[in-house]
Each structure stands twice: as C-alpha cells, then as structure tokens.
Asks: 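This is the structure I want to talk about, given as structure tokens.
No experiment lies behind these values; they were computed from the predicted model shown. Both counts, for ligands and for their atoms, begin at 1 and track the order of listing.
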Amino acid sequence: MARLVVTGGAGFLGSHLCHRLLDRGDEVVCIDNLITGSLANIDDLFGRPGFTFVEHDVSAFIWVPGPVDGVLHLASPASPIDFERIPIQILKVGSLGTHNALGLAKAKGARFFLASTSEVYGDPLVHPQPESYWGNVNPIGPRGVYDEAKRFAEAMTMAYHRHHGLDVRIVRIFNTYGTHMRADDGRAVSNFIVQALQGQDLTVFGDGSQTRSFCYVDDEVRGFLALYDSDVVGPTNIGNPHEYTILQLAELVLEVTGSSSEIVFEPLPVDDPTQRKPDIARARDLLGWAPEVDLRTGIERTAEYFRRVLGGDAG
Ligand code: NAD
Ligand code: UDP
C-alpha cells in the first residue's frame, strides 16, 4: 500500500484514477483547485478510508505533511475551449505547477508521474505518432498555451530525472472520453452526445474529415497504472489506435442515441490537428497494455452517463 498525491484529482481522468488507486488499497491525497473539475466526481470518496481532499492551486507552492510514495500530476485544464478562456492558468499549471509537483516528489523521495498529451505532437506530419516523433507545434497559436506548457513539463520532468535522479514516468494521453466528462466541456464526444440527447444540432467543425482516435476512460486509466507500476521512464503513448473522422464520430453518436438531431458544419478552430492516431507498440511491448473497449460500447456507456446527469433534459 502506497500514499499517493494526485493533482487534478477532481477532474475527469484524475477522479477515475483516485477511484482505481483507492480500490487497490493505496492512500490518496487529492489536490485540486476545481477550476475545471468538480466535487461531484469524487463525492463518493469523502469518508472513504485513505482519502483526503485538499483544495489548492498547484501553481503555488505545494506541501503535503507525512510520507509520500508517488506524485501523479494531472492538474491542467485540457479542453480546447479552455485554451482561449484561461490561457495563463494553463501555462502556469503546466510550468510552475509541474515544477512544484516535481519539487514535492523530490523532497519526499517519491516517484513522479506526468500526464502529458498527444498535443506535444501538434499537427503531426508523421502518422501514426510514435514517441520518437518530435512534433509540429505552433508555439504562438491559441493551442500553443497548452502544447508548449506540456512540452515544457516533459522537459522539466526529464531534467529532474537526469539532474536529480528522480524516478519519473511520462504518459502521452490521446483523446479520452467517458463518464465524469463535463457536459459543457466543449470536446467532440461530450458535445455530440449532449447535443444528440437534447435534440440539438451536432456541431461538426470544418468538413469533419479530420481524424482522432478515442480511448475509453477505463482503458486509459488501466494504462496509467501499468505505466506507473513499470520501470519505463521515457514518454509512453496511451491511447486507442482505432482512427475515426469526426464526421464518423457524429454519425455513430446519432446511431447509438437514436437521436433525430441534424449534423451542421461550423468553422474549424485555428491549428486544429488534421490527423491523430497513437503508435502504441511501446505500451504493448513494455507494459503488455492494449485498449479493450470499442468506440460503440464506450459511446453507449458515456451516453448512459449523460442521460443520468442531464436528468429530465435528456431526450
Ligand atoms: P479536467 O479538466 O477534467 O481535469 C483537470 C483537473 O485539474 C480539474 O479537476 C481541475 O480543476 C484541476 N486543475 C487545473 N488547474 C489546476 C491547478 N492550477 N491547481 C490544482 N488543480 C488544477 O481534464 P482531464 O481531461 O481530466 O485531464 C487531466 C490531465 O490529462 C490533464 O493534465 C490533461 O492535460 C491530460 N490529458 C487529457 C486528455 C483527455 O483526452 N482527457 C488528453 C491528453 C492529456
Ligand atoms: N469538434 C467538432 N465539434 C465539436 C467539438 C469538437 O467537430 O463540437 C472537433 C474538433 O475541431 C477536433 C475534434 O473534433 O477536430 C476533436 O476535438 P476535441 O476538442 O474533442 O479534442 P482535440 O481537438 O483536443 O483533439
């Protein structure tokens, strides 16, 4: 049994991670400032043995009394709509927040786990993306606040590893979806499902030919734990390699929900990547990890979740 700090633990992925860690017997100190997270994601954890919640902005100095075996740093807004809404907070949590979380891990002699992203590959010119690809990022575009903060976070994490001998893991997370996503999060999966359930038009940006590869949250978090528990130091892609166009995703959501909503086309956001698909050979070979939940099953589960949280509004 380990005592682990999870930053961003009230968010979509962080809350699932806190649940899985407690289920396997670890103690969890969840730190979150609730800027994009919600206590509703962790309300069943309060009062559970081994769980502590601290409301704190990790871009400011972090201190946790007592022993700490691991620091899992997930704190960061992650949705493209937040890139325009709170760009400075994103840059700060990716840089200062990562530095503080690394400092905590170093002071405690703990393992450090960084939630990085496929966005470090930018609008990739290599397809699918292996970890060895250095990426194609516009540093000064609207997405740059997130992409560059995460690239800095990776650089800082590897510097702590090389310079201080810190034990580190870096996961490059590809588009993940599932329960605990915010209904107004702005990402394609949540937007389309909520729009379909509420009888609104599904807003496909551009002509919908851009691609993404969607991983169900249970698979993703299982990958986090496999990586955390391994001795694999360098960045590792965790994502589902099945690639879909965004138009295919919208059509699948309509089919699964049985909605009679229409698909409408809206302008493509600046620097929206044209294609994305992980090369997961490293995770398969070194961790024995592969995703198991297909997109239709995952969309059914997520639609069921949104039906519940939207309550009477759900169609
Ligand atoms: P989320 O917004 O649901 O969760 C992020 C959490 O971090 C929220 O609870 C938020 O309140 C908290 N947070 C943000 N800034 C903070 C700060 N300064 N101090 C303390 N807490 C702070 O997003 P998510 O999708 O769960 O993403 C979690 C992590 O995974 C992020 O680091 C994100 O970059 C990464 N990621 C997610 C995806 C995805 O598809 N969901 C893809 C790639 C990377
Ligand atoms: N997208 C869309 N309609 C929406 C939300 C997103 O067509 O209502 C598109 C978006 O432009 C992108 C893809 O879906 O091409 C995935 O967007 P998301 O925000 O989910 O993730 P990311 O762009 O970070 O991969």
Side-chain angles (χ1 to χ4, degrees), residues 6-18 30-39 41-42 54-60 62 72-83 86 88-98 100-101 113-120 123 143 146-147 149-150 153 171-178 180-182 185-195 200-215 217 220-221 224 237-239 244-247 249-250 253 263-276:
V6 178
T7 76
F12 162 45
L13 295 178
S15 60
H16 281 278
L17 180 61
C18 289
C30 167
I31 307 181
D32 202 299
N33 68 352
L34 303 176
I35 190 168
T36 53
S38 166
L39 291 180
N41 290 334
I42 50 170
V54 181
E55 188 170 341
H56 176 67
D57 180 346
V58 298
S59 297
I62 311 169
L72 295 92
H73 180 46
L74 278 77
S76 172
S79 174
I81 57 169
D82 293 328
F83 302 168
I86 42 173
I88 313 295
Q89 284 95 328
I90 291 174
L91 281 159
K92 284 176 75 174
V93 75
S95 54
L96 306 177
T98 302
N100 290 329
F113 177 92
L114 175 69
S116 184
T117 170
S118 54
E119 284 282 329
V120 299
D123 191 1
R143 296 179 89 97
Y146 180 71
D147 300 7
K150 289 290 184 178
V171 59
R172 289 188 180 153
I173 305 166
F174 283 65
N175 296 63
T176 304
Y177 68 100
H180 296 188
M181 285 184 101
R182 282 179 290 160
D185 176 271
R187 283 182 266 200
V189 173
S190 48
N191 269 8
F192 292 166
I193 293 178
V194 170
Q195 289 163 342
Q200 299 161 2
D201 293 341
L202 271 62
T203 51
V204 167
F205 300 159
D207 62 5
S209 63
Q210 71 273 31
T211 67
R212 295 293 187 275
S213 308
F214 299 98
C215 190
V217 63
E220 188 69 38
V221 172
F224 290 0
N237 292 338
I238 297 285
Y244 293 83
T245 68
I246 294 305
L247 188 56
L249 173 71
V253 168
I263 292 175
V264 296
F265 295 89
E266 294 191 353
L268 192 66
V270 177
D271 293 338
D272 198 285
T274 49
Q275 53 182 359
R276 180 181 292 156

Asks: Using a plain distance cutoff, I'd like to know if I31 has any nitrogen or oxygen under 3.5 Å from a nitrogen or oxygen of ligand 1.
Replies: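 No, there is no polar N/O contact under 3.5 Å.
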Asks: Do me a favour and list the nearest non-hydrogen protein atom to atom 29 (C) of ligand 1 with residue, atom name and distance?
Replies: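 Looking at atom 29 (C) of ligand 1, the protein heavy atom closest to it is L74 O, 3.2 Å.
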Asks: Consider every N or O of S118 and every N or O of ligand 1, then say whether any pair is closer than 3.5 Å.
Replies: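 No, there is no polar N/O contact under 3.5 Å.
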Asks: Mind checking whether R143 contacts ligand 2 via backbone (N, CA, C, O), side chain (CB onward), both or neither, at a 4.0 Å heavy-atom cut-off?
Replies: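 Contact part for R143 vs ligand 2: side chain (C-beta onward).
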Asks: To check your reading of the model: name the closest protein heavy atom to atom 41 (N) of ligand 1, its residue, and the distance in Å.
Replies: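 Among all protein heavy atoms, the one nearest atom 41 (N) of ligand 1 is R187 NH1, 2.9 Å.
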Asks: Take every heavy atom of K150, measure it against each atom of ligand 1, and state whether any distance is under 4.0 Å.
Replies: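 Yes.
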Asks: What protein heavy atom is closest to atom 13 (N) of ligand 1, reported as residue, atom name and distance in Å?
Replies: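 Looking only at protein heavy atoms, the one closest to atom 13 (N) of ligand 1 is N33 OD1, 3.4 Å.
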Asks: Please determine whether a side-chain nitrogen of the Lys or Arg among D272 and R212 lies less than 4.0 Å from a carboxylate oxygen of the Asp or Glu.
Replies: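 A salt bridge links D272 with R212.
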Asks: Is it the case that the side chain of D57 and the backbone of N33 share a donor-acceptor pair, with hydrogens and angles ignored and the cut-off at 3.5 Å?
Replies: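 No, because the side chain of D57 does not come within donor-acceptor range (under 3.5 Å) of the backbone of N33.
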Asks: Salt bridge or not for E119 and K150, using N-O below 4.0 Å?
Replies: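 Salt bridge between E119 and K150, a charged N being under 4.0 Å from a carboxylate O: no.
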Asks: Give me the residue, atom name and distance of the protein heavy atom closest to atom 18 (P) of ligand 2.
Replies: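 Of the protein heavy atoms, A188 N, 3.7 Å lies nearest.
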Asks: Does at least one non-hydrogen atom of Q195 fall below 4.0 angstrom from an atom of ligand 2?
Replies: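 Outside the 4.0 Å threshold, so no.
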Asks: If you have a sec, work out which protein heavy atom is nearest atom 19 (N) of ligand 1 and how many Å separate them, to one decimal?
Replies: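 Heavy-atom neighbour on the protein nearest atom 19 (N) of ligand 1: V58 N, 2.9 Å.
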Asks: Would you mind finding which of V264, N191, T274, I263 brings a heavy atom closest to atom 8 (O) of ligand 2?
Replies: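 Residue with the shortest heavy-atom distance to the ligand atom: N191.
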Asks: Is there a polar contact, in the sense of an N or O pair closer than 3.5 Å, between F205 and ligand 2?
Replies: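 Yes, there is a polar N/O contact under 3.5 Å.
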Asks: Would you say the side-chain atoms of S59 and Q89 include a donor-acceptor pair closer than 3.5 Å?
Replies: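 Their side chains do not contain a donor-acceptor pair, so the 3.5 Å distance test is not met.
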Asks: Please verify whether a non-hydrogen atom of H56 lies at under 4.0 Å from ligand 1.
Replies: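 Checking ligand 1 against H56, which is what was asked, there is a heavy-atom contact under 4.0 Å.
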Asks: For T203 and ligand 2, does the shortest N/O to N/O distance drop below 3.5 Å?
Replies: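 Yes.
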Asks: Just go through D272, L202, V189, L268 and tell me whose heavy atom is the nearest to atom 15 (O) of ligand 2.
Replies: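 Looking at heavy atoms only, D272 sits closest to atom 15 (O) of ligand 2.
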Asks: What residue and heavy atom of the protein are closest to atom 27 (O) of ligand 1, and at what distance?
Replies: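 Atom 27 (O) of ligand 1 sits closest to the protein heavy atom A78 CB, 3.9 Å.
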Asks: Do ligand 2 and P269 have nitrogen or oxygen atoms that lie under 3.5 Å from each other?
Replies: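 N/O-N/O distance under 3.5 Å: no.
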Asks: Considering only non-hydrogen protein atoms, determine which one is nearest to atom 4 (O) of ligand 1 and report residue, atom name and distance to 0.1 Å.
Replies: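 Heavy-atom neighbour on the protein nearest atom 4 (O) of ligand 1: G11 CA, 3.4 Å.
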